[in-house]
Visitor: 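What follows is a single structure, and I will ask about it in a moment.
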There are 2 protein chains.
Amino acid sequence: MNLKQLSHMLSLSQTTVSRALNGYPEVNEETRRRVMDAAKRHGYRPNPSARRLATGKSGMIGYVLPTGAAVDIDPHFVEFLSGLGDYARAHELDLVLSPADADDEETTYRRIVANRQVDAVYLSSPRPADKRLALVNTLGIPFIVHGRSEGFDFDYPYLDIDNEGAFHEASRLLIQLGHKRLALINGNERETFAIHRERGMRRALAANGLALGERHIHSVAMTEENGYRAARRLLEEVEPPTAIVCSSLIMALGVVRAVRDLGLTIPGDLSLVAHDDVFPWLRPENFPVPLSTTRSSIRLAGARVAERLAARISGLEEGARGEVWPVDLVVRGSVAGAPV
Amino acid sequence: MNLKQLSHMLSLSQTTVSRALNGYPEVNEETRRRVMDAAKRHGYRPNPSARRLATGKSGMIGYVLPTGAAVDIDPHFVEFLSGLGDYARAHELDLVLSPADADDEETTYRRIVANRQVDAVYLSSPRPADKRLALVNTLGIPFIVHGRSEGFDFDYPYLDIDNEGAFHEASRLLIQLGHKRLALINGNERETFAIHRERGMRRALAANGLALGERHIHSVAMTEENGYRAARRLLEEVEPPTAIVCSSLIMALGVVRAVRDLGLTIPGDLSLVAHDDVFPWLRPENFPVPLSTTRSSIRLAGARVAERLAARISGLEEGARGEVWPVDLVVRGSVAGAPV
DNA sequence: AGAGACTTCCAAAGCGCTTTGGCTATTTTG
DNA sequence: CAAAATAGCCAAAGCGCTTTGGAAGTCTCT
């Protein structure tokens with residue numbers, strides 16, 4: 001059932017039927033009703049390919065997926081996606097994943113924009129002065145960044161959590177508990193979120209006359225193994241830290257293992273706080289010692305990004321509005337006063 | 001730069017240029033070269049929307065993503081995706097994720113097929129007599145199932161691992177080590193992979209005059225917490241199992257925690273084997289006691305599915321070819337002879 | 001040399017929608 | 001009451017590609 005057939009049944013022109021369906025004003029309400037009715041009754045659905053060709057709009061949002069033998073997709077991605085899907089489903093928005101060589105995402109961005117394959121894109125894990133962001137900005141496709149960049153002379157729309165605030169609060173708590181030697185096991189130091197977290201921690205330390213030693217900060221890919229290694233190295237120092245703040249639950253697993261291997265205890269010998277993106281399959285309250293966390297649901301962020309992308313596509317949202325979500329500090333058994 | 005312009009520059013018809021570019025035989029090789037050259041020089045890329053409308057082919061593969069507030073996307077998904085992307089990237093294939101209400105995926109399948117949004121789809125986590133599979137089969141869109149179903153009177157193309165064989169081998173090993181009370185912590189019992197694993201285990205037990213008691217099998221969503229709970233319940237029985245086979249590394253984390261909580265040890269009191277889909281961020285060799293596993297890279301499976309989908313789209317693969325990959329049994333420190 | 005068979009190219013008709021630029025009644029306005 | 005404005009509809013021109021159905025030119029064969 002296509003427009004031609006439908007309009008023929010109704011003895012109307014394609015123009016009128018199209019307009020009636022798309023809510024244009026220049027059509028009699030009575031006529032519109034007739035059209036809508038017939039459309040529903042016959043299950044007419046405009047052919048998206050045709051509509052695309054005519055309008056240039058695809059009804060899809062895009063994401064360029066960096067891939068490569070050495071590239072691992074962040075497990076957070078799936079949770080974000082989950083939230084995105086929650087919103088997108090209700091609006092019949094599809095998501096197009098365009099796999100790209102991690103070393104050359106530009107080509108792919110250019111392609112999907114030139115081809116008008118998607119109406120908007122979102123970027124994640126941005127870095128300072130991220131080239132993708134500059135690119136997408138000049139290409140002129142609607143977009144939203146999940147996270148933030150730095151060092152641009154233009155503004156851009158983003159959704160981020162208050163990473164700096166979160167780690168500032170976590171550190172402040174530990175300091176108040178008497179800890180003086182804090183350490184940070186962070187994510188990739190080139191990503192903005194990691195920079196912000198470090199900044200928040202340094203700020204809290206500085207405010208109390210403390211500092212984060214060169215050796216007390218590890219920036220690594222967020223795997224269990226890296227968490228373990230970093231923790232081992234930290235705890236085997238001459239003057240080991242008495243508290244660790246860690247950028248992910250997965251790394252925290254490794255930290256816990258290291259602590260055990262060394263015959264230490266949490267929170268007796270070491271206080272531990274980690275950031276929790278809220279995975280359904282790994283929860284901080286179920287750690288051997290319930291883990292204190294800075295918590296922010298990445299899933300909700302996904303839903304919000306989808307919502308804002310939809311708004312931008314339909315022109316409801318404009319400009320470079322940045323949105324920063326506060327982060328909860330959830331205190332559980334893994335923190336205690338500094339050992340004497 | 002569109003076809004019209006390009007053909008005009010070359011003083012050729014659109015027909016000829018189109019054919020030259022698409023490798024049709026009825027064009028002089030000399031002409032083809034000229035066309036190819038000019039196309040490359042001017043960076044001509046056919047507009048996919050137009051091509052789609054004309055051919056009905058979209059150059060994309062689809063996946064219907066079940067979503068909902070209570071629905072969690074499997075973390076395996078991201079690894080599978082990673083593999084899929086590896087292949088797809090090289091072939092400029094994009095992946096369309098269509099979020100669907102988990103209780104009504106049918107509507108979405110029908111939509112993407114009717115709209116010809118994608119050239120092929122893949123299904124994952126199939127169940128016996130899975131409705132999606134029957135649907136997709138009648139809708140006549142090329143597809144591949146990642147995993148297997150059961151109870152259909154038709155064949156279908158799939159890629160699966162030998163879950164039954166894997167758990168058979170794992171169980172056999174444990175039995176050979178003298179274990180008589182084995183337990184299984186499985187995934188959702190309605191999914192075929194879980195059924196196959198249980199079957200493999202039962203077969204190994206039966207071959208040795210043993211059985212899997214009602215109470216010695218838990219089928220749960222694969223989270224750390226569920227692994228913990230199942231293990232607790234198992235180990236607090238009057239006659240607790242001396243060996244557990246577990247369907248995922250994430251649940252195995254919970255098992256290890258339970259064992260510790262109860263003051264038991266691995267492998268002294270309990271031998272443990274888990275299935276490993278090969279996550280980059282959680283590796284069995286890094287468990288407190290290195291974990292024995294049945295191993296199969298889900299990432300490679302993703303790449304293979306993409307490859308086969310591409311082959312089906314282009315007509316290179318036909319029929320209902322099923323492909324079953326063997327699974328490695330990797331023995332590490334978590335298994336030992338049964339306690340006396 | 002003329003018929004038949006290739007080879008090589010082209011004009012034009014789709015694909016199914018949106019949108020521009022009228023055209024005809026009907027209503028409003030001065 | 002004529003002129004102007006408005007409401008409601010339509011024909012046709014895109015969007016940019018593929019593909020059908022020739023047509024013209026070149027070879028081959030008898």
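No experiment lies behind these values; they were computed from the predicted model shown. All values below come from the heavy atoms of this structure, side chains included, with hydrogens, waters and symmetry mates left out. To find a chain, count down the sequence lines: A is the first, B the second, and so on, and within it residues start at 1.
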Visitor: Tell me whether A/Arg45 is salt-bridged to A/Glu92, with the criterion being a basic N under 4.0 Å from an acidic carboxylate O.
Guide: yes

Visitor: Side-chain N or O of B/Tyr44 versus OP1/OP2 of D/dG16: is the shortest distance under 4.0 Å?
Guide: no

Visitor: Does D/dC10 have OP1 or OP2 sitting under 4.0 Å from an N or O in the side chain of A/Thr16?
Guide: yes

Visitor: Taking the side chain of B/Thr15 as its heavy atoms from C-beta onward, which of C/dG21, D/dA11, C/dA11 lies nearest to it?
Guide: C/dA11

Visitor: To the nearest Å, give me how far apart CG (A/Leu3) and P (D/dA11) are.
Guide: 13 Å

Visitor: Give the rounded distance in Å between these two atoms: CG of A/Leu6 and P of C/dT18.
Guide: 12 Å

Visitor: Among D/dA11, C/dG16, D/dC17, which nucleotide sits nearest the side chain of B/Ala50?
Guide: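 Comparing D/dA11, C/dG16, D/dC17 against the side chain of B/Ala50, the answer is D/dC17.
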
Visitor: Grab the NZ-P distance between A/Lys4 and C/dT18 for me, whole Å please.
Guide: 16 Å

Visitor: In whole angstroms, how far is the C1' atom of C/dC9 from the CD atom of B/Glu29?
Guide: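 Atom CD in B/Glu29 sits about 15 Å away from atom C1' in C/dC9.
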
Visitor: Please report, rounded to the nearest Å, how far the P atom of C/dT7 is from the CD atom of B/Glu30.
Guide: 18 Å

Visitor: With the side chain of A/Ser13 defined as its heavy atoms from C-beta on, choose the nearest nucleotide among D/dC10, D/dG16, C/dT18.
Guide: D/dC10

Visitor: Would you mind telling me which of C/dG16, D/dG16, D/dC9 lies closest to the side-chain atoms of A/Val27?
Guide: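 The answer is D/dC9.
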
Visitor: Taking only side-chain nitrogens and oxygens of B/Ser18, does any of them come within less than 4.0 Å of OP1 or OP2 of D/dT18?
Guide: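 For D/dT18, OP1/OP2 do have a side-chain N/O of B/Ser18 under 4.0 Å.
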
Visitor: Can a side chain N or O of B/Asn22 be found less than 4.0 Å away from OP1 or OP2 on D/dT18?
Guide: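 For D/dT18, OP1/OP2 do have a side-chain N/O of B/Asn22 under 4.0 Å.
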
Visitor: B/Arg19 side chain: which of D/dT19, C/dG21, C/dT18 is closest?
Guide: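 Per side-chain heavy atoms of B/Arg19, the pick is D/dT19.
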
Visitor: Do you know the tightest heavy-atom contact between B/Ala20 and B/Val27?
Guide: CA-CG1, 4.0 Å

Visitor: Round to the nearest Å and state the distance from B/His8 atom NE2 to D/dG16 atom P.
Guide: 16 Å

Visitor: For A/Gln14 and C/dG16, what is the distance between atoms CD and C1' respectively, to the nearest whole Å?
Guide: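 Roughly 8 Å, once rounded to whole Å.
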
Visitor: Is the closest basic N to carboxylate O distance between A/Asp86 and A/Arg299 below 4.0 Å?
Guide: yes

Visitor: What is the distance, rounded to the nearest whole Å, between atom CG of A/Leu10 and atom P of D/dG8?
Guide: 17 Å

Visitor: Is the shortest side-chain N/O distance from B/Tyr24 to OP1 or OP2 of D/dT19 below 4.0 Å?
Guide: yes

Visitor: When the ring planes of B/Phe80 and B/Tyr122 are compared, do they come out parallel, tilted or perpendicular, using 30° and 60° as the limits?
Guide: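 Judged by the thresholds at 30° and 60°, the geometry between B/Phe80 and B/Tyr122 is tilted.
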
Visitor: Considering only NZ, NE, NH1 and NH2 on the basic side and carboxylate oxygens on the acidic side, decide whether B/Arg33 and B/Glu29 come within less than 4.0 Å.
Guide: no

Visitor: Return no unless some side-chain N or O of B/Thr31 is found under 4.0 Å from OP1 or OP2 of C/dC9.
Guide: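 B/Thr31 to C/dC9 OP1/OP2: side-chain N or O found under 4.0 Å.
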
Visitor: Decide yes or no for B/Arg89 and A/Asp101: does some side-chain heavy atom of the first lie under 4.5 Å from some side-chain heavy atom of the second?
Guide: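 Yes. Closest side-chain heavy atoms under 4.5 Å.
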
Visitor: Let me spell it out: for each of B/Ser11 and B/Leu53, pick the nucleotide of DNA chain C with the closest heavy atom. Which residue's pick is nearer the 5' end?
Guide: B/Ser11

Visitor: Of the nucleotides C/dT8, C/dT18, C/dG16, which one has an atom closest to the side chain of B/Glu26?
Guide: C/dT8

Visitor: Among C/dC9, C/dT18, D/dG16, which nucleotide sits nearest the side chain of B/Asn28?
Guide: C/dC9

